[in-house]
Amino acid sequence: MTPLARRLGQALLDHHKTHCRNIDCAAEELTDSQVRDNCVTYLDISLRCGGPVPRFSGPFLDEIGRWCQGNHWPSLPSLVVNGKTGVPGPGYAKLHVVADWKKQVRRCIGFKGYPDTMP
């Protein structure tokens with residue numbers, strides 16, 4: 001995994017730990033409001049990773065998505081959304097079925113098995 005993907009991945013793990021782990025309901029019971037409150041924008045996650053991130057972070061988020069898939073975890077990049085639309089950008093479709101995003105992001109928010117740190 002590239003260094004930038006690791007930084008973005010760590011920022012996503014930190015976001016998930018802070019915002020999602022304390023939610024105590026089944027993934028399918030999450031409301032749209034809870035989903036919105038627990039997602040993070042591309043800009044915010046880029047700022048949180050501690051350094052400059054190219055405008056198009058899709059390839060790095062794809063690396064994180066493949067890491068999640070390889071571990072049979074819900075995809076952390078499903079948390080990252082466009083600040084104006086509230087849904088993932090067009091690059092999300094490279095690894096995911098966009099029509100399933102609402103289900104995928106709920107699984108991610110409700111998942112308790114992510115590690116605290118990137119490998």
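All values reported here derive from a predicted model rather than from experimental measurement. FYI, side chains are in, hydrogens and waters are out, and symmetry mates aren't considered; it's all heavy atoms of this structure.
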Chemist: More than 12 foreign heavy atoms under 6.0 Å from CZ of Arg6: is that the case here?
Modeler: yes
Chemist: For Asp24, does the CG atom have more than 12 heavy-atom neighbours from other residues, nucleotides or ligands under 6.0 Å away?
Modeler: no
Chemist: Between Trp101 and Val81, is there a side-chain heavy-atom distance shorter than 4.5 Å?
Modeler: yes
Chemist: Under the 3.5 angstrom rule, does the side chain of Thr31 hit a backbone N or O of Gln34 as a donor-acceptor pair?
Modeler: yes
Chemist: Between Ser78 (side chain only) and Ser75 (backbone N and O only), is there a donor and an acceptor less than 3.5 Å apart?
Modeler: yes
Chemist: Which residue, Leu8, Leu12, Thr41, forms the side chain to side chain contact (heavy atoms under 4.5 Å, CB included) with Val80?
Modeler: Leu12
Chemist: Once the angle between the rings of Tyr114 and Trp73 is folded into 0 to 90°, is it parallel (under 30°), tilted (30 to 60°) or perpendicular (over 60°)?
Modeler: perpendicular
Chemist: So, the side chain of His16 versus the backbone of Ala11: is there a donor-acceptor pair under 3.5 Å, distance only?
Modeler: no
Chemist: If you measure from the Lys or Arg side-chain nitrogens to the Asp or Glu carboxylate oxygens, is any gap between Arg106 and Asp100 under 4.0 Å?
Modeler: no
Chemist: Given Val87 and Asn82, is the side chain to side chain contact (heavy atoms under 4.5 Å, CB included) satisfied, shown in steps?
Modeler: CA-CA 6 Å; Val87 296; Asn82 179 292; 5.6 Å; no
Chemist: Any side-chain to backbone donor/acceptor pair from Lys112 onto Arg21? Under 3.5 Å, distance only.
Modeler: yes
Chemist: Should the heavy atoms of other residues, nucleotides or ligands under 6.0 Å from NZ of Lys84 be counted, would the total exceed 12?
Modeler: no
Chemist: With a 3.5 Å distance limit and no angle check, can you tell me whether His19 reaches the backbone of Asp14 through a side-chain donor-acceptor pair?
Modeler: no
Chemist: For Gln10 and Met118, indicate whether the former's side chain and the latter's backbone hold a donor-acceptor pair under 3.5 Å.
Modeler: yes
